[in-house]
S.K.: 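Starting off with a structure, shown below.
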Number of protein chains: 4
Amino acid sequence: MAPQNKEQLDQKKHERKAQIMRAAIKVFAENGIKLTKISMIAKEAKVSHGLVYHYFTSKDEILYASLDWAVEEHKSAKLFQELNDHEVSPLEQIKQFTLFAFTESDTEISNGVFRIIQNLSSTNDLPEHLVQFVEKAGQFYIESLYPLFVEGQNSGEIIKGDAEELLGIYLTVLSGIMADDPAFWKDNTEQKVGILTRMISER
Amino acid sequence: MAPQNKEQLDQKKHERKAQIMRAAIKVFAENGIKLTKISMIAKEAKVSHGLVYHYFTSKDEILYASLDWAVEEHKSAKLFQELNDHEVSPLEQIKQFTLFAFTESDTEISNGVFRIIQNLSSTNDLPEHLVQFVEKAGQFYIESLYPLFVEGQNSGEIIKGDAEELLGIYLTVLSGIMADDPAFWKDNTEQKVGILTRMISER
Amino acid sequence: MAPQNKEQLDQKKHERKAQIMRAAIKVFAENGIKLTKISMIAKEAKVSHGLVYHYFTSKDEILYASLDWAVEEHKSAKLFQELNDHEVSPLEQIKQFTLFAFTESDTEISNGVFRIIQNLSSTNDLPEHLVQFVEKAGQFYIESLYPLFVEGQNSGEIIKGDAEELLGIYLTVLSGIMADDPAFWKDNTEQKVGILTRMISER
Amino acid sequence: MAPQNKEQLDQKKHERKAQIMRAAIKVFAENGIKLTKISMIAKEAKVSHGLVYHYFTSKDEILYASLDWAVEEHKSAKLFQELNDHEVSPLEQIKQFTLFAFTESDTEISNGVFRIIQNLSSTNDLPEHLVQFVEKAGQFYIESLYPLFVEGQNSGEIIKGDAEELLGIYLTVLSGIMADDPAFWKDNTEQKVGILTRMISER
DNA sequence: AATGAATGAGCCTTCATTCAT
DNA sequence: CATGAATGAAGGCTCATTCAT
């Protein structure tokens, strides 16, 4: 008799799923979606491939659910807690955001989400729900940073020009780095962020 | 049957191979190595997939030979013809290089090589000869630009700091963009290069 | 925990098994043996698939036990209760049998058994015990109806000819219909039986 | 140098496809659609499973193409060449049709088509094109025989009643036999057809 | 040289079966 | 007794590679 109540079981089940989703995010991010094999996710999560299908119905669902989970779990909770700190200048806030996006506790996850979204953006024939997801996710970054760019331009901190285009360039650079060399942020993070923001800072 | 002499045949053969390698570079660059199918290369080259195996023995060999060919054919010949123009400042030369690397006439090839090398760098279990190849290619960019960075620092045009690290950041940004969003360079190229170089330019 | 005595427990256990076997017969009949999934049986029986394996050791055993159970429980008890009614003519008895075989109260079961046996007959590599089972079941129908055919021929009600062959044709037609279109019997059953028996009835 | 012209190659290709389709019809008919494995078709056709996919893109397409091919190849050509023989009575024509449907030269194919259509009819979620195909095929038999039934009723040869329903019963019996016991027709075919048509013949 | 027919290894997914609770 | 988590064998399909023509 193992008298576990329903709550405990649900808890366990949820952890199992999380375990798989965490693995999925990591492996998807590292290898790209097409090249990620279920067996890789299973191995990373230390479960059999069969079990993966016990919790998810398809590779696509794994991807979708994992993204959803990761975003809920990581993004909303923490990503912008400090972004509305009106004590500091817009440019400073942008730096903090940049810094933060790559240094939060569970870097692997949020980093992974970023890279996966990258990967998705360049994919054709994306199913509608993923298209929306990607757009939403993209919007998220844009909507968060756009006001700061405009504000910075008004205060003379940020160079003139089409704010949206400027933001586009900045985000392309960031996502490019993440896709290309995630280890980039390991050392001297603040200094590197400083250099990156020089792109847009007025002298 | 027009009796062609050996030279003509060799010529023809070489053209055929070049045709395939050109296609390979393009398709490898666009899709990544693993995701590139022989049939895609064959289609791009407008030959049957069987013929591809007439000239090359395996997918890996196509890759290797195509890279070699592309580098020999394009890189050394043209990439730096203007880089030693001592009329312009180091920073300007860096801009020109950046611009050039993405806009030269045969962009597709050199750009492709760049992206393929990107792709290779993130691959594990690379056979030794490719490892060396990748390293050599990386070295090439570094060796070409490093002097310009130092020179720029000396002349006060480029911000202080470890020149090698600065160059590393700059190249990471560039390669990230290419891996991530090659279309980035389509419009307003000069303006974008201008913004990118702001990262390293002293005010 | 209400302390139940052994008998009650046995009773309960038996009911559980019956519940599963009833479900199995139904699902096997509807979907065929190979296409029946354990999960379908479990769902039909409203138990978990794990429990199915608590009572049976394999899919094959479920099939075998269910058939045995169904035959014992239903066939002998009821199928021919009226067949020896000597008030009516042999042809009439054949009609009643035909009618009965598809319309008796617990149609689902006996009908199901019929269809499963159909299914088994067309299977190769049947284990020996099932071969015998199928043969025995076939024999059952033959032995029951054969005397009626002979009797009918003697009384001039049924057309002349090899009684066994005639019966074979009749049973092939019946079993074909059941295998092919069980819904056939839904409407106008008596009329349809009337038409079918015209095959063998002397005018 | 194997100077085969295009025609020869096309011919060969067509034969290969036909070889696979013939095998497909046989295996699909014997095992049902779901239970038919590509490997079974490949084995029957004596080719590798890979080659099957060289000619067809999916199991479904194999099914669809094979049915189309079989119908074109066999049905139209021969099935009704004699059906419009106005020398003989409607009932006789029905007998001839029945006989013919099971004894034409390439029995395996036309028989197979019949069984596969049977199988399809009882399938849910059939893709639209197959639904139409099945209906069309069903219509074919109905449209061919229906006039004969009506004619026979008018001439008093066939029993009264809803001609459509009568035909339905007759076809259900036929298709049931084919699904259930194709070997039924091996011996004494004419006699058996005679008995079957007694169902509908007036005395 | 050139084509495309042919093969088989490998990945996604399903499902019978076993096991921990 | 009961549940559902966990495993792995097997089948559909893709694609690199080989081969006949």
Side-chain angles (χ1 to χ4, degrees), chain A residues 1-6 8-9 12-13 16-17 34-42 46-62, chain B residues 1 4 9 12-13 16 34-42 46-62, chain C residues 1 4 9 12-13 16 34-42 47-62, chain D residues 1-6 8-10 12-13 16-17 34-42 46-62:
Chain A
M1 317 281 162
Q4 282 178 307
N5 58 37
K6 194 168 182 310
Q8 283 174 310
L9 286 171
K12 205 166 198 173
K13 180 168 177 176
R16 218 39 165 165
K17 285 192 78 165
K34 204 73 193 300
L35 288 182
T36 292
K37 295 155 206 164
I38 295 296
S39 62
M40 296 164 80
I41 296 175
K46 296 191 205 308
V47 299
S48 71
H49 71 270
L51 190 61
V52 174
Y53 280 93
H54 186 67
Y55 290 105
F56 304 93
T57 61
S58 70
K59 189 173 163 180
D60 271 357
E61 205 219 288
I62 298 170
Chain B
M1 316 290 161
Q4 292 167 306
L9 283 172
K12 204 169 192 179
K13 179 169 174 175
R16 259 312 201 214
K34 254 307 181 101
L35 288 181
T36 292
K37 298 158 204 165
I38 296 295
S39 62
M40 296 164 80
I41 296 175
K46 298 190 204 305
V47 299
S48 71
H49 69 269
L51 190 60
V52 175
Y53 278 92
H54 188 71
Y55 289 105
F56 305 92
T57 63
S58 71
K59 188 175 165 179
D60 272 352
E61 203 219 291
I62 298 170
Chain C
M1 316 289 162
Q4 292 167 306
L9 282 172
K12 204 167 189 177
K13 179 170 174 175
R16 256 320 198 208
K34 254 309 182 102
L35 289 182
T36 292
K37 297 156 204 167
I38 296 295
S39 63
M40 296 164 80
I41 297 175
V47 299
S48 70
H49 70 270
L51 191 59
V52 174
Y53 278 92
H54 187 71
Y55 289 106
F56 305 92
T57 62
S58 73
K59 189 174 165 179
D60 273 352
E61 204 220 291
I62 299 171
Chain D
M1 316 287 159
Q4 282 178 308
N5 57 37
K6 194 169 182 310
Q8 283 174 309
L9 285 172
D10 273 8
K12 204 166 198 173
K13 179 169 177 173
R16 219 40 165 163
K17 283 193 79 164
K34 203 74 194 297
L35 288 182
T36 292
K37 295 154 207 165
I38 295 296
S39 61
M40 295 164 80
I41 296 175
K46 297 191 204 307
V47 298
S48 71
H49 72 269
L51 189 61
V52 175
Y53 280 95
H54 186 68
Y55 289 105
F56 304 93
T57 62
S58 69
K59 188 174 165 180
D60 271 357
E61 206 220 287
I62 299 170

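This is a predicted model, so every value here is computed, not measured. Note on naming: letters A, B, ... go to the chains in the order of the sequence lines (proteins, then strands), and numbering restarts at 1 for each one.
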S.K.: So how far is it from C:Ile38 CD1 to C:Ser58 OG, rounded to the nearest 0.5 Å?
M.R.: 8.0 Å
S.K.: Would you please name every residue forming a side chain to side chain contact (heavy atoms under 4.5 Å, CB included) with D:Lys34, sequence neighbours left out?
M.R.: C:Leu35
S.K.: Strictly under 3.5 Å: I want the nitrogen or oxygen pairs between protein and nucleotides 9-11 of chain F, one per line.
M.R.:
from: F:dA9; atom 1: N6; to: A:His49; atom 2: NE2; distance (Å): 2.8
from: F:dG11; atom 1: OP1; to: D:Lys37; atom 2: NZ; distance (Å): 3.4

S.K.: Looking at D:Arg16, does any N or O in its side chain come under 4.0 Å of the phosphate oxygens OP1/OP2 on E:dG4?
M.R.: no
S.K.: Nearest whole Å is fine: how far is E:dA6 P from D:Lys17 NZ?
M.R.: 13 Å
S.K.: When you match C:Thr57 and B:Val47 each to their closest nucleotide on DNA chain E, which lands nearer the 5' end?
M.R.: B:Val47
S.K.: Can you tell me how far the CZ atom of D:Arg16 sits from the NZ atom of D:Lys12, to the nearest 0.5 Å?
M.R.: 8.5 Å
S.K.: State which residues pass side chain to side chain contact (heavy atoms under 4.5 Å, CB included) with B:Lys13; sequence neighbours excluded, sorted by chain then number.
M.R.: B:Tyr55
S.K.: Remember a base hit wins even if backbone is also touched, and classify A:Phe56 as base, sugar-phosphate or nothing at under 4.0 Å, heavy atoms.
M.R.: nothing
S.K.: Please state how far atom NZ in D:Lys12 lies from atom P in E:dA5, giving the value in whole angstrom units.
M.R.: 10 Å
S.K.: Tell me whether the OP1 or OP2 atom of F:dG4 has a side-chain N or O from A:Tyr55 closer than 4.0 Å.
M.R.: no
S.K.: Do A:His54 and A:Val47 come within less than 4.5 Å of each other through their side chains, counting heavy atoms only?
M.R.: no
S.K.: Establish, with yes or no, whether the OP1 or OP2 oxygen of F:dG4 is under 4.0 angstrom from a side-chain nitrogen or oxygen of C:Tyr53.
M.R.: no
S.K.: If you assign A:Val52 and D:Ile62 each to the DNA chain F nucleotide with the nearest heavy atom, which residue ends up on the more 5' nucleotide?
M.R.: A:Val52
S.K.: For E:dA1, take OP1 and OP2 only and decide whether either is under 4.0 Å from a side-chain N or O of B:His54.
M.R.: yes
S.K.: Going by side-chain hydrogen bond (donor to acceptor under 3.5 Å, both in side chains), name the residues that satisfy it together with A:Thr57, two or more places apart in sequence or in a different chain.
M.R.: A:Glu61
S.K.: For the pair made of CG in C:Leu51 and C1' in E:dT21, what is the distance, rounded to whole Å?
M.R.: 15 Å
S.K.: Rounded to the nearest 0.5 Å, what separates atom NZ in D:Lys17 from atom CD1 in D:Ile62?
M.R.: 10.5 Å
S.K.: Given Watson-Crick or G-U pairs with both distances under 3.5 Å, what dot-bracket string fits DNA chain E, with | for other-strand pairs and [ ] for crossing?
M.R.: .||||||||||||||||||||
